[in-house]
Protein chains: 2
Amino acid sequence: MGIKERKERHKEDLKARILEAAKKLFVKEGYEATSIRKIAAEIEFSPTTIYLYYKDKTDIAYALHQEGFRLLREQLGALAHVADPFERLKAMGRIYMQFAVNHPDFYELMFIMKDPMQYLKEHHPEEEWPEGERVFDGLMQTVSACKSGGYFPGMDTAEVAMLSWSVVHGLSSLYITSHFKHIADKCSSYALPDQEALLERAFNTYVQLIQRMH
Amino acid sequence: MGIKERKERHKEDLKARILEAAKKLFVKEGYEATSIRKIAAEIEFSPTTIYLYYKDKTDIAYALHQEGFRLLREQLGALAHVADPFERLKAMGRIYMQFAVNHPDFYELMFIMKDPMQYLKEHHPEEEWPEGERVFDGLMQTVSACKSGGYFPGMDTAEVAMLSWSVVHGLSSLYITSHFKHIADKCSSYALPDQEALLERAFNTYVQLIQRMH
DNA sequence: TGGATATATTAACACCGTTAAGTAAGTTTG
DNA sequence: CAAACTTACTTAACGGTGTTAATATATCCA
């Protein structure tokens, strides 16, 4: 029943097909609901086969997290057209938050959940996190360029980068975990409080703050 | 075998004893490892008894989250002695982050995990979150007092409050989920990067920004 | 051809949250 | 007083989870 005629099909790289199936389930039903057994059923293999290609579930979590970073970098690619460093910094924040809003499950896996970081601890004990470092480097470079343009005088580049990341992550994660929703009514003096508009406005407040450091 | 002589002991309020046991396990082993069965074993009752006092596990999660808020408000009590609103705002941020560092499991339950918010959606559909609102109100009042003192001219109180919360939450949560750890080496130009010191420095950068809005 | 090697399988372990059904004790009521 | 009812708790079970051990099957190479 399916377990027979699968062999005829291209079995090119089973590891890739497993990840593909995992991604499909993950996007549709979230991480928790993406069980090893369901992944196995999706590709019509026995559950234990998964373990021949991935050590355990956190291994798959990390692979999905990498997938998410590919997607994020794709979005960040639009920044290449923004010459002015301060405009680039602002656009970066907006794209980051946009990504969080559009792909909350991926965002969760990349920046909220502990599983992928746990994988790192066991497989790259030297505290390496290539995906995160790469994006953070881009942020550092942009902040550095802003400094060259007279922004952030007397401030440490890394500290400004960390703070900026924390701002957009704080906003994004409180939105995703729906913590914002429950205090949104206190935040909008007028009319209905569109969630995403609130994020935008809070971010603009941050932009106002750093704009004056010029 | 224990199931006999328990009745002699004070059974005052079993619901409270369940929560007590849950809290003990939770503090020692974290949320995931705190299973209904373990809680039941701890108080020497059958697992199903738990369900006579708590609807399901997210119900217990919410109770623990409330416990965490009691603890946080206790820490925030020290703010009563800080008269100057801007100093109070700074102290508030530091106490908040200190709480996250000292009680990461509670912090996770209160501000990172979805379970307690899920409970809210089912039991208080009117978007109420008393614990969160209470703390956020305190923040709003402090920001408002700062405005009266000339800070944040022309800025919206709620937006500044949201941003400030996002800053300390962003820093705290990235620290707890150990995302910071993996880019810490890029942040400290010199010597070993004490994690908590990094948080402090990034927060100070934020303070620098808002200090100039005066 | 025969043996090693890789690949996939079945069966099982030890958990989990949760529900249905049953039991024993205490309380109310005729 | 005894029967009916209620309360508090239990046992048993369902359907799921991640993961490991043991087993089979097919492929490749000597």
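Since this is a predicted model, take the numbers as computed values, not measurements.
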Below 4.0 Å: OP1/OP2 of C/dT7 and any side-chain N or O of A/T49: no
Could you state the [atom1]-[atom2] distance from [X] to [N], rounded to the nearest angstrom?
| X | N | atom1 | atom2 | answer |
| --- | --- | --- | --- | --- |
| B/L52 | C/dA24 | CG | C1' | 15 Å |
| B/E32 | C/dC16 | CD | C1' | 11 Å |
| B/F45 | D/dT10 | CZ | C1' | 11 Å |
| A/L14 | C/dT7 | CG | C1' | 10 Å |
| B/D115 | C/dT18 | CG | P | 10 Å |
| B/Y51 | C/dC16 | OH | C1' | 9 Å |
| B/K38 | C/dA14 | NZ | P | 15 Å |
| B/I18 | D/dA8 | CD1 | P | 12 Å |

Residues two or more places apart in sequence or in another chain: which of them pass ring-ring contact (aromatic ring centres under 6.0 Å, His included) with B/F69? B/H65, B/F111, B/W129
Less than 6.0 Å separating the ring centroids of A/Y96 and A/Y107? yes
Answer with yes or no whether A/T48 presents, from its side chain, a donor or acceptor under 3.5 Å of a partner atom in the base of D/dT20. no
Is a donor-acceptor pair below 3.5 Å formed from side chain A/R37 to base D/dG16, judging by atom type as modelled? no
Pick from A/K28, A/R37, A/K24: which one makes a salt bridge (Lys or Arg N to Asp or Glu O under 4.0 Å) with A/E42? A/K24
Which nucleotide in the set D/dG18, C/dT9, D/dT11 lies at the smallest distance from any side-chain heavy atom of A/K57? D/dG18
Closest listed nucleotide, where the reference is the side chain of A/S35 and the choices are D/dG18, C/dG17, D/dT10: D/dG18
Base, sugar-phosphate or nothing for B/Y53? Non-hydrogen atoms, less than 4.0 Å. sugar-phosphate
Quick one: are A/Q141 and A/F136 in side-chain contact, heavy atoms under 4.5 Å? no
Do the non-hydrogen side-chain atoms of A/I210 and A/V160 ever get within less than 4.5 Å of each other? no
Find which nucleotide of DNA chain D each of A/K55 and A/A33 is nearest to by heavy atoms, and output the residue with the more 5' nucleotide. A/A33
